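One structure below.
Convention: sequence-line order gives letters A, B, ...; per-chain numbering from 1. Because the structure is a prediction, the values reported are computed rather than measured. FYI, side chains are in, hydrogens and waters are out, and symmetry mates aren't considered; it's all heavy atoms of this structure.
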Amino acid sequence: MSGRVPSPLSKKWLLSVNPGTGFHMDERYEPAAVERSAQQCWNGARSFAATEDPSKEKFYCLSMFPYPSGRLHMGHVRNYTIGDVLSRFARMQGRNVLQPMGWDAFGLPAENAAMANGVAPAQWTRDNIAYMKKQLQALGFALDWEREVTTCDPSYYRWNQWLFLRMREQGVAYKRTGVVNWDPIDQTVLANEQVIDGRGWRTGALVEKREIPMYYLNITAYADDLLGDLAMLSGWPERVKVMQANWIGRSEGTEITFPLAEDARSVLRTAGQEVESLKVFTTRADTLFGVSFMAIAAEHPLALAAGTRDPALQEFVDECRRGSTMEADVATMEKKGRRTGLHVLHPLTGKPVEVWVANYVLMGYGEGAVMGVPAHDERDFEFASKNGIDIVTVVRPRDGSWQRVEAPWRASYGELGITVDSGEFSGQESRAAVTAITTALDKKGLGRKRVQFRLRDWGISRQRYWGCPIPLIHCEQCGEVAVPDDQLPVVLPEDLLPDGSGNPLGKTPSFWKVDCPTCGKPARRETDTMDTFVDSSWYFLRYASAANARAMVDEQVKYWLPVDQYIGGIEHAILHLLYSRFWTKVMRDLGLVTVGEPFANLLTQGMVLNHIYSHQPAVGRQVYFNPLDVDEEEQDDVKRWFVIRTDGSRLEVNYDGLGTMSKSKNNGVDPQSLVEKYGADTARLFMMFAAPPEQTLEWSDEGVQGAFRFIRRLWKIVYQHVCAGSAEPLERAMLNTTQKDLRRAAYQALVKVTDDIGRRRTFNTAIAAVMELLNAASRFDDRSPQGRAVAQEALEIAVIGLSPIIPHACHELWKALGHHEAIIDVSWPAVDKEALSQDAHTLVVQVNGKLRGRISVAVDADEATIRSAVLADETVKRFIGDTVPKKIVVVPKKLVNVVV
RNA sequence: GCCGGGAUGGCGGAACUGGUAGACGCGCCGGACUCAAAAUCCGGUUCUGGCGACAGAGUGUGGGUUCGAUUCCCUCUCCCGGCACCA
């Protein structure tokens, strides 16, 4: 960048002072200075501190708060720019805007950093927050920092604890056992991401599964509510609602009881259990006569009991229990099973059915048992084929396209049809058979209609340090005792250093040694902490009452909630959003809030991608290179990529395509360097222009430069306009055609920008519309008084239209255009309908659907006029020749299609 | 594997309700300015054939509906997100 700074005495300098306001404008666009002064103006006026005002329509605009990982990444910049554009736009439209920010400050990365660097998680987290807060401020987001919320502050998490105790009183929170990943060397529980190929990430030890007591939240009790209320969420993307509905997974079916045969019963009796039957759930009771085996989970009591008398089976059970419980792993792994030699009895025929232990049946889902119908279920078919189990056809298709199920599997085998070989239930439609069989089972006391959900209860216990302590005390005498409300919060000690070998809280007697609140005897404090999803399930409520030290939420929540616009990554489409909806409903049922749904409108933004380059050395791990360090060479249409190593040598690297920016792929771009080089406005403009918000966004250095160039060009055009002195007032009646054309272009752009930001949320097309306007304005070379008046109006519209996106530059440009009032306080302009009106417009002419020309017709031309104009057109005549048109399709204001 | 989404010039994308495919930007090519370069400004830029007017083809694949399909329906391929202890 170069360019001369004009001498203070030059004519240009003097003329760049706006005579109306005395404001002088620099010829050069200097983002650092512009951004500093605009931010000072907003901070000085506390422009974004929100106050409840019942007389104004509120707009609660919320972006998902960040995990304080150290520095902002581009995903944050994208997320928060979208929120900021909507907030600033709403503000200019007269809404009372709340846009808060906070920190999702508990979680695993702080513990990992502690182990890597020896810094306490609290210190690391707070340092990160301080740094990232500066970054957010430098980006000029219109945030109300007076409501900042940090989830690792006792003033926040005490309310997690308080509400947990209320849930416990209501039976929403309860205790039972759950399965965790156990690292036998480090003697610690591992998160799924810490288990790599079945081994602990640090020790490499084979991970075991352990059952330990945990606390659960009864989200399944709200399953119907969570599913039903999706219908109310008209402001949510359809795809997110579909994903949530599938996740909840409501299915209506039959619970069927298979009485145990004597062999199974006696084995369980030997193991000390008096069990009479196995229960299964199925949506296909019509296939009950096709049952040829029963599959149970490895953790099932019957499997454990059977294992004690069969070492081979025992080994298989142990193998299954070592395996992953992650759904993706279970679904893709090879289906394996072992027979137990034990039997259950068919509830209608009384015939024995053999019980198998199968690795694809999970104890945590349903009753841990599944009836096997190989003929009509693909998974059962695969299992039966492999293990030589009978395949009994009991349903045939209505169209008679096949008679018997035979390998290979066909999708239609699993479809509804007509029952056969099903005793008295043969010859019925599947649906009718389901009802009839369910009724018959019900009469015998061996079945009933039931609704089953895929959704499971939410386990919130974590055997980790950096989280919110669960406020319970275990007393030998009194059992499990809640910490009394007046002793909350249970404060997490902040000076501990995790070392990877278990939860440090358990090794800190000053934390866990307490007296029982009930009997006063020595007792042990719970050392598990809560899942961090708890913290993020209600932070949006706390922003409304952030300063209240006496209550979790207060009256102000009624004013601000629900959130009018929530913005966040698509990766949160299920868990975070579902938990937040659940938590809100629990709080509603406790009388704490009045809304049942927290987020009225949802925008799920796409990921930020960049190129990935790697090198695989002969020995050792794959190395990733930052795209900034990679040079591209092209020879004979073949591209190759190189990096220069520190010793000066060149290394050829592979191009691995596009992927989300991440540390592991070394393809991140640091927003900080971007802001330092080009300014916040360029970063914001590029993010908004490169793709619509819901799509993935590809990083492009050239695109960033283009964004910067555009702002500089806008600056220059305004500068040149301002240098010519202040404009005359506009006289609408005195305009010539060119002047009218620019006015029309300006108002067309305004209409487009208003709709694109306000309704469509496609900021890229809004920006494109302003670019077009600016192209028109720079071609417009009319120095007459009215020409300058029209130019002034067009530039004002361009600056206002861009101001939510590049607020700093527009702040300055608005003053340069002669205004005293700050642009953030300007009302969004209304459209001048007169400026949009036209006498004639262009119709596209097609012959047989192919474009053949254009005609210009009067706006009020009727269809007959249009037809004759089209048939008189030379090109049309050439294409239709002497033939008489079969049909002429006229689409008003758009096109005419002549069919011959 | 299951659920959800995506695919349009050299590149990012536009085309909103079935009606001009490629707005806007990037890159590239040519020109102006300059001693020169950068910056800036002006023009061109889907592909194929043609000096040109123009013609033909074209929205991941294959098919269908329609006067007309990037848009609706069916089929297949590839890529991305989620799958319950990463956040």
Would you check if the distance from the ring center of A/Tyr216 to the ring center of A/Trp458 is below 6.0 Å? no

Would you call the rings of A/Tyr360 and A/Phe383 parallel, tilted or perpendicular if under 30° counts as parallel and over 60° as perpendicular? perpendicular

Is A/Ala573 touching bases, backbone alone, or none of the nucleic acid, heavy atoms closer than 4.0 Å? nothing

Between B/rA69 and B/rG19, how far is it from one P atom to the other, in whole Å? 11 Å

Polar pair under 3.5 Å, donor/acceptor by atom type, side chain A/Arg713, base B/rU40: no

Would you classify A/Arg759 as touching base, sugar-phosphate or nothing, given that sugar-phosphate means primed atoms plus P, OP1 and OP2, and contacts are heavy atoms under 4.0 Å? base

How do A/Asp755 and A/Gly107 order along RNA chain B: which one's closest nucleotide is nearer the 5' end? A/Asp755

RNA chain B nearest-nucleotide lookup for A/Leu697 and A/Ile570: closer to the 5′ end is A/Leu697

At under 4.0 Å between heavy atoms, what does A/His572 touch on the DNA or RNA strands: base, sugar-phosphate, or nothing? base

Based on the glycosidic angle (syn within 90° of 0, else anti), state the conformation of B/rG81. anti

How far does the C1' atom of B/rG60 sit from the matching atom of B/rC24, given to the nearest Å? 25 Å

So what does A/Trp458 touch, heavy atoms closer than 4.0 Å: a base, only the sugar-phosphate, or nothing? nothing

Which atoms of nucleotides 63-69 of chain B (N or O only) lie under 3.5 Å from a protein N or O atom, and what are those distances?
unit_1, atom_1, unit_2, atom_2, d
B/rC67, O2, A/Asn897, ND2, 2.5

Would A/Arg379 and A/Glu382 pass as an ion pair if we require N to O under 4.0 Å? no

Quick one: does NZ or CZ of A/Arg28 land under 6.0 Å from the six-membered ring centre of A/Trp715, within 45 degrees of the ring axis? no

Would you call the rings of A/Tyr539 and A/His576 parallel, tilted or perpendicular, taking 30° and 60° as the class edges? tilted

Is the shortest heavy-atom distance from the side chain of A/Val845 to the side chain of A/Val876 under 4.5 Å? yes

Counting runs of three or more consecutive pairs, Watson-Crick or G-U wobble, with each distance below 3.5 Å, where are the stems of RNA chain B? B:1-7 with B:77-83, B:10-12 with B:24-26, B:27-32 with B:40-45, B:46-49 with B:54-57, B:62-64 with B:72-74

Parallel, tilted or perpendicular: ring planes of A/Tyr655 versus A/His611, cut at 30 and 60 degrees: tilted

A/Phe686: which of A/Trp699, A/Tyr678, A/Phe763 passes ring pair (Phe, Tyr, Trp, His ring centres under 6.0 Å): A/Trp699

With a 4.0 Å cut-off on heavy atoms, is A/Phe686 in touch with a base, just the backbone sugar-phosphate, or nothing at all? nothing

Is it the case that the ring center of A/Trp538 lies less than 6.0 angstrom away from the ring center of A/Phe582? no

